[in-house]
Amino acid sequence: MLRSLIRVSAIGLALLASAPVTAPDFSSSAEASSTVSAQRSRQCSAEARRYADRNTRRTTAAGAAGGAAIGAIASQSRRNTGRNAGRGALIGGGAGLLASTSRWQVYYNYSYRNCVRR
């Protein structure tokens, strides 16, 4: 009795091991989805970088223009107006650059989130 039980078990295991096991192929679907997701992420990242760069350049330019105007207005002599406007532009541009670089990540995150949601 034990011998026949062992024989049947061995035959059953042999048959079970020889039968090809076919699991559903979800990997190709998941890989395709992750590839599309990675491409979308790269696209959104590039778009967000351009948006952040554009807005920081605007802030720097606005700071320079404002500094030049203040420097020219503050100049009390007509002879030194250009030089004072140049100094004002340099100071205002530097201040605008500092302000804009501290906001770059905020601009980037805003644009990236909006892109991913689309």
* First locate atom CZ of Arg57, then atom OG1 of Thr59, and finally report the distance between them rounded to the nearest 0.5 Å. => 11.0 Å
* **Joint cluster assignment, Val116 & Tyr108, ILVMFWY side-chain distance < 4.5 Å** => yes
* Atom pair OG/CZ of Ser45 and Arg50 - distance to nearest 0.5 Å -> 9.5 Å
* **Where Ala48 and Ser111 come nearest, the two heavy atoms and their spacing** => CA-OG, 3.4 Å
* Grab the two heavy atoms, one from Thr56 and one from Asp53, that are nearest each other, plus how far apart they are. => OG1-O, 2.9 Å
* Looking at CG of Asn55 and OH of Tyr110, how far apart are the two atoms once the value is rounded to the nearest 0.5 Å? -> 10.0 Å
* Any idea which heavy atoms bring Glu47 and Cys115 closest together, and the distance? -> OE1-SG, 3.8 Å
